[in-house]
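In this chain, residues are counted from 1 in sequence order. What you see below is based on every heavy atom in this structure, not just the backbone, and it leaves out hydrogens, waters and symmetry mates.
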Amino acid sequence: KDAWCAGPATSLVDIKAHKMSLINTAAASLIRQPDFYKKQDVARGDIVKIGMAVINHDPEFLLKVAVYTRRELNIRTVASFFLALAANVPACRPYLSKYFSAAVRLPSDWIEVAEMYQSFHDKSINY
């Protein structure tokens with residue numbers, strides 16, 4: 001993003017640091033093994049916190065990391081969680097159709113994304 005998009009409180013260096021932290025957290029999730037279905041899980045909370053810091057400045061990047069995580073790292077759960085998080089954040093929704101099919105490789109991936117989305121308890125859904 002351009003420097004003017006970063007806003008006065010956040011430098012481009014900070015944004016790049018958040019992006020690197022998101023990528024590192026995704027890769028390290030195999031070791032930390034967060035439970036994405038429990039809101040109280042500390043590792044899940046850390047991923048959401050880092051993800052939201054990135055989304056505030058580049059909402060599309062979260063979805064790029066979801067595709068990278070699924071295709072290159074073969075980490076299914078983190079990619080599914082990133083897609084669910086993106087679906088829950090209005091700023092990411094315009095990019096979801098562009099990246100969703102690239103990150104979802106199996107029917108079970110789609111189901112996992114839907115289940116993880118439910119863990120956010122979206123109040124805007126009426127069913």
Is it the case that the side chain of T69 and the backbone of V65 share a donor-acceptor pair, with hydrogens and angles ignored and the cut-off at 3.5 Å?
yes
Work out which heavy atom in Y37 is nearest to a heavy atom in E112; give both atom names and the distance.
OH-CG, 3.5 Å
Using a cut-off of 6.0 Å, state whether more than 12 heavy atoms not belonging to L106 lie near its atom CG.
yes
Side chains of L83 and V104, heavy atoms from C-beta outward: is any pair under 4.5 Å?
yes
Do V48 and F81 come within less than 4.5 Å of each other through their side chains, counting heavy atoms only?
yes
Distance from Q33 atom CD to T77 atom OG1, nearest 0.5 Å?
9.0 Å
Looking only at heavy atoms, which two atoms of I75 and S29 are closest? And how far apart?
CG2-OG, 3.9 Å
Carboxylate-amine/guanidinium contact K64 D58, below 4.0 Å
no
Could you state whether L62 and F120 fall into the same hydrophobic cluster, counting links through intermediate Ile, Leu, Val, Met, Phe, Trp or Tyr residues with side-chain heavy atoms under 4.5 angstrom apart?
yes
Which distance, rounded to the nearest 0.5 Å, do you find between the CE of M116 and the OG of S119?
7.5 Å
Measuring from atom CD of E115 to atom CH2 of W110, what distance do you get when rounded to the nearest 0.5 angstrom?
9.5 Å
Can you check whether N56 reaches H18 side chain to side chain, under 4.5 Å on heavy atoms?
no
For A84, does its backbone N or O pair with a side-chain atom of N88 as donor and acceptor, under 3.5 Å?
no
Could you walk me through whether D14 and H57 pass the side-chain contact (heavy atoms from CB on, under 4.5 Å) check?
CA-CA 10 Å; D14 291 339; H57 300 287; over 6 Å; no
Nearest-0.5 Å distance, CD1 of residue I50 to CD1 of residue I23
11.5 Å
Could you give the distance from CZ (F61) to CD1 (I55), rounded to the nearest 0.5 Å?
11.5 Å
Shortest non-hydrogen separation from A86 to C92 and the atoms involved:
O-CB, 3.3 Å
Between D109 and S80, the two heavy atoms sitting closest are O-OG, 3.9 Å
Check this for me, if you would: do D35 and R44 make a salt bridge, where the nitrogen-to-carboxylate-oxygen distance has to be below 4.0 angstrom?
no
CE (M20) and OG1 (T25) are apart, to the nearest 0.5 Å, by 10.5 Å
How about Y68 and Y99: are their ring centroids closer than 6.0 Å?
no
Determine the minimum heavy-atom distance between A91 and P59, stating which atoms define it.
O-CB, 3.5 Å
Give a yes or no on whether K39 atom NZ has more than 12 heavy-atom contacts from other residues, nucleotides or ligands under 6.0 Å away.
yes
If only atom types and distance count, is the side chain of R70 paired as donor or acceptor with the main-chain N or O of R105 below 3.5 Å?
no
Short side-chain to backbone donor-acceptor contact, R93 and A87, under 3.5 Å:
yes
